[in-house]
Amino acid sequence: MFGRIDHIGLAVADLDAAIELHTSAYGMPLVHRETVTEQGVEAVLLDVGESHVELLAPLGDDTPVGRFLATRGPGLHHVAYRVADVGEALRELREAGLRLIDETPRTGIRGSQVAFLHPATAGGVLTELVTPVEVHP
Ligand code: CO
């Protein structure tokens with residue numbers, strides 16, 4: 001079902017410092033930057049081989065990533081697996097007894113289709129399913 005790791009999501013408190021770390025020290029190209037008001041984040045995507053690192057900076061304290069930072073601090077936020085069809089994967093995983101955060105796919109950054117699985121039944125890991133727009137006609 002899972003094609004590969006599409007990206008890891010990192011919660012960051014200082015977006016400029018995180019961009020500096022990943023572009024200058026790590027040498028990753030910054031390929032996309034987008035404010036997702038609905039999710040309360042500014043997201044930055046960097047290339048690492050065929051996968052990505054997604055930096056997530058909260059737009060405010062009272063947002064999911066803002067609350068994550070307040071309780072857990074900066075660091076690994078989620079793992080995203082690439083699937084051919086998010087809706088189909090959700091149906092299979094629901095049947096397998098997994099707890100879903102998103103019952104249906106929604107639009108993620110760069111027009112991708114995404115959905116999140118609850119950490120409670122995903123080994124304690126907030127898990128994202130993603131179908132990038134380039135393989136989603
Ligand atoms: Co993500």
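For ligands, and for the atoms within them, numbers begin at 1 and follow the listed sequence.
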Next item on the list: Of all N, O or S atoms in Glu54, identify the one at the shortest distance from the Co ion (ligand 1).
Entry: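 Relative to the Co ion (ligand 1), the closest nitrogen, oxygen or sulfur of Glu54 carries the name OE1.
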Item checked: For the Co ion (ligand 1), the closest N/O/S atom belonging to Glu128 ->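 Within Glu128, restricted to N, O or S, the Co ion (ligand 1) is closest to atom OE1.
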Next item on the list: Begin with the C-alpha distance, continue with both residues' side-chain angles, and end with the deciding distance and a verdict on side chain to side chain donor-acceptor pair (under 3.5 Å) for Glu54 and His77.
Entry: CA-CA 10 Å; Glu54 181 181 73; His77 181 263; over 6 Å; no
Note to self: Run Met1 and Leu93 through side chain to side chain contact (heavy atoms under 4.5 Å, CB included) and show every step you take.
What the structure shows: CA-CA 10 Å; Met1 181 187 308; Leu93 292 166; 4.0 Å; yes
Next item on the list: Answer yes or no for His7: is there an N/O/S atom below the 2.8 Å cut-off from the Co ion (ligand 1)?
Entry: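 His7 does place an N, O or S atom closer than 2.8 Å to the Co ion (ligand 1).
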Next item on the list: Could you tell me whether Glu34 and Arg110 make a salt bridge, using a distance below 4.0 angstrom between a side-chain N and a carboxylate O?
Entry: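 Between Arg110 and Glu34 there is no salt bridge, as every charged N stays at least 4.0 Å from the carboxylate O atoms.
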Check: Are Arg67 and Asp61 ion-paired here, with the side-chain N under 4.0 Å from a carboxylate O?
Finding: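 Salt bridge absent between Arg67 and Asp61.
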